[in-house]
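First the structure, in the form of structure tokens, and then the observations on it.
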Amino acid sequence: MRGDQASGDLSRLLRPRSIAVLGGKPAAEVIRQLRRIGYDGQIWPIHPRLDEVADLRAYPSVAALPAAPDAAFIGVNRHAAIEMIEALAARGAGGAVVYASGFSETGTTGEDLQARLIAAAGAMPFIGPNCYGFINYLDGTLLWPDQHGGRRVERGVAILTQSGNIGCNLTMQRRGLPIAYLLTLGNQAAIGIPAMIEALLADERVTAIGLHIEGIDDAAALARAAAAARQRGVPIVALKTGKTAAGADLTLSHTASLAGADAAMDAFLRRAGIVRVTSIPVLLESLKLLHVHGPLPARDIASLSCSGGEAALLADAVTGRRLAFRALTPAQATQVAATLPKLVTVSNPLDYHTFTWGNEAALTETFAAMMAADYAMTMLVLDFPRLDRCDDADWRASERALIAAAQRSGARAAIVATLPEAMPEERAETLLAAGIVPLLGVDDALAAIEAASDAGAAASRPQATITPFARLVGGASRVLSEWDSKRLLASHGLGVPEGRLARSADEAAAAAVAIGFPVALKAVGTGIAHKTEIGGIRLDLGDAEAVRHAARELQGIGDALLVERMVTDAVAELIIGVNRDPVVGPYLLVGAGGVNAELLGDTRILIMPATRDEITEAILSLMMAPLLAGYRGRPKGDVAAIADAVLAVQSFAVAQADHLLELDVNPLMVRPEGCGAVAVDALIRITGEDAID
């Protein structure tokens, strides 16, 4: 069990008025850091031999404390930690941080010790083990056995990480980011990320939450916490490191190779409304932007700079991102032009030249005119000079002009330094106080704006459902024949070609005559996964003799022969798949299909159950979607029928979630609009003795 023991009130632990400290050097450091941060509550050292620790009276045991402490730092070895946490729980303490390592992260012996630790704590919440603890910069309290670089704030972001060292590093940032809480959760034996998110949401001073996630044990609990955050209007940004392990010991489907190890987790976070980022700098820049401006309502941006080179740099950097430099309307361009010399060409990005450099009043008018176009974000590119060799007076004039223009217009604005070292911390803090977000580095700044736009899009979507599925039934796996796979999927509404099974060449020819030409002939049987690779298929057979000849060639490859009517009017070929993630469970894949499915890699992942709207959105976002829209005069594809097919596959997958290992429908032949879609091949792999036949 991890992370689900404590789901109640954590306020005594996170905002304690009395703290017990147990242990040697780490405990002494906790006391030193409590004094340094200005903690004004009671500190009670516990030591079996000393009368005094760090000039404070020491108590010989937990039982000897003057009262039950709100929180305790346990800095003793793992065996003693179990005894101490039991004593604290018996005394009625509000919670604890267990610093010691050597628990579940070390293997079987450690797992047993961690189980004993959980049992000893009972209902008392604790953070860890194998963790540094936390810092509350809002109230000036901490259970933290090391130095840290933060300081007190009145409001700010909360950051949760499983790594103590990364947590310590994050406190050393010089980006101006106000950190309200920094929490390291270690093994999450009692308090996991979901429970901590919900505890932080109780503090209205928390503006956004950042997660550094190494692993997720309970996806449904995290989704519930994300839903609560959305209800409170607190965006969550996550850096998920590591790739999830393969969900099965054998994969046969195209879906398994197409999805990739981390695709399901990406889809899960998106479905839960958690914005995923790819680096620590982007995590910090995104949190900073969300702290100042919150989620962005759109993806249109504007850039202001006094250099054509900087304008081009921004224009190039936005390529490939889900952001756009929206052009000014003629009326808006006229307003901006009225504030500039005639030699300046008005555009977005805007190079306003250096004619008005250092002229605060003139710059204010230009910036305000640009902001009047109501962009989701307006950026001023400004790298401050180093003060040991230069004077920053003219740069400060630009800074003041942007602040004044933003205050006049009410627009969201940022100053972007192309070089992170060209944004001094004191300048960043001044800008934050004025409601301007300081962003460091062009690429990271744009990634942060994109993340804030994603947060805005997530907030505007209907709340998605995350359904915990039953665990997979154990036992040997087996692959169903194409005939059986299609029969099962057809019972859930999937369209399949008219077909018949045959045992001989003559039976195959007779079946083809009854069905109508042209036909496809396939070798089928349990265990046959990819017929193309073993030469087990013949297509476009136009008469009975051709069928007989092909049947003689295919006999012996499988258990029987499948004769099917050919689809001759396909507009496009798609793949629909289902696979399992060890954390998220079963998920859907939809993408460009056929024999080139892996080569093209044009896919989207959807967490089940997906709605028709989500499925349609995924289909239309594929790179091959223009084929469905009537590319170069060709017929439009039946998008509604594709959505029906995906829903049919999902219906089967949900019904058999405890048995289904993987599933492919490939290709799904998409016919012209109004004519439907037909699954011409299917593969299902299941497990369990009582599984479907």
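Quantities reported herein were computed from a predicted structural model and do not represent experimental measurements.
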Using the ring of each side chain (for Trp, its six-membered ring), is Tyr132 parallel, tilted or perpendicular to Trp144, with breaks at 30° and 60°?
perpendicular
Shortest non-hydrogen pair, Ser163 vs Thr184, comes out as O-CG2, 3.7 Å
* Asked: Short question: side chain of Arg230, backbone of Ala458 - any donor-acceptor pair under 3.5 Å?
  -> yes
When you compare the side chains of Asp203 and Tyr181, does any donor N or O come within less than 3.5 Å of an acceptor on the partner? yes
* Inspect the surroundings of CZ in Arg205 and state if more than 12 heavy atoms from other residues, nucleotides or ligands are less than 6.0 Å away. => yes
Report task. Could you tell me whether Asp262 and Arg276 have a side-chain N and a carboxylate O separated by less than 4.0 Å? Result -> yes
**Request:** Inspect the contact between Arg322 and Asp454 and indicate whether a charged nitrogen and a carboxylate oxygen are less than 4.0 angstrom apart.
**Result:** yes
Item checked: Glu425 atom CD: more than 12 heavy-atom contacts under 6.0 Å -> yes
Taking everything shown except Arg91 itself, do over 12 heavy atoms lie less than 6.0 Å from its CZ?
yes
Go through it in stages, so that I can follow the logic: the residues are Arg224 and Glu198, the test is salt bridge (charged side-chain N to carboxylate O under 4.0 Å, His left out), and I'd like the CA-CA distance, side-chain angles, deciding distance and then a yes or no. CA-CA 9 Å; Arg224 289 192 297 270; Glu198 298 205 25; 5.6 Å; no
**Prompt:** Taking NZ, NE, NH1 and NH2 as the nitrogens, is one of them in Asp266 or Lys240 under 4.0 Å from a carboxylate oxygen of the other?
**Reply:** no
When Thr141, Leu183, Leu182, Leu143 are each screened for side chain to side chain contact (heavy atoms under 4.5 Å, CB included) with Asn136, the one that passes is Thr141
Before accepting this row, confirm whether a basic side-chain N of the pair Glu426/Arg396 lies closer than 4.0 Å to the acidic partner's carboxylate O.
-> no
For Arg17 and Asp40, what are the C-alpha separation, side-chain angles and deciding distance, and is it a salt bridge (charged side-chain N to carboxylate O under 4.0 Å, His left out)? CA-CA 8 Å; Arg17 300 305 306 150; Asp40 59 2; 3.0 Å; yes
>> Check this for me: Glu154, atom CD, are more than 12 non-hydrogen atoms of other residues, nucleotides or ligands nearer than 6.0 Å?
In response: no
Assess, by modelled atom type and distance only, whether the side chains of Asp9 and Ser11 contain a donor and an acceptor separated by less than 3.5 Å.
yes
Arg321 meets the salt bridge (Lys or Arg N to Asp or Glu O under 4.0 Å) criterion, sequence neighbours left out, with Glu450
Given the options Gln173, His291, His148, Ile179 meets side chain to side chain contact (heavy atoms under 4.5 Å, CB included) only with Gln173
Counting only heavy atoms not in Gln463, do more than 12 sit closer than 6.0 Å to its CD atom?
yes
So that I can tick it off, tell me whether Arg427 and Glu399 are bridged by a salt bridge, with the cut-off set at under 4.0 angstrom between side-chain N and carboxylate O.
yes
Using a 6.0 Å cut-off, check whether atom CZ of Arg57 has over 12 heavy atoms from anything other than its own residue. no
Q. Does Arg175 pair with Glu285 as a salt bridge, N-O distance under 4.0 Å?
A. yes
For Ala225 and Pro194 the tightest heavy-atom approach is CB-O, 3.6 Å
Acceptor/donor pairs from residues 74-81 side chains to any protein atom, 3.5 angstrom cut, sequence neighbours excluded:
{"residue": "Asn77", "atom": "OD1", "partner": "His79", "partner atom": "N", "Å": "3.0"}
{"residue": "Asn77", "atom": "OD1", "partner": "Ala80", "partner atom": "N", "Å": "2.9"}
{"residue": "Arg78", "atom": "NH1", "partner": "Gly102", "partner atom": "O", "Å": "2.5"}

Discussion item. Surrounding CZ of Arg461 (heavy atoms of other residues, nucleotides or ligands, distance under 6.0 Å), is the total greater than 12?
Written reply: yes
| Would you say the side-chain atoms of Asn187 and Ser104 include a donor-acceptor pair closer than 3.5 Å? | yes
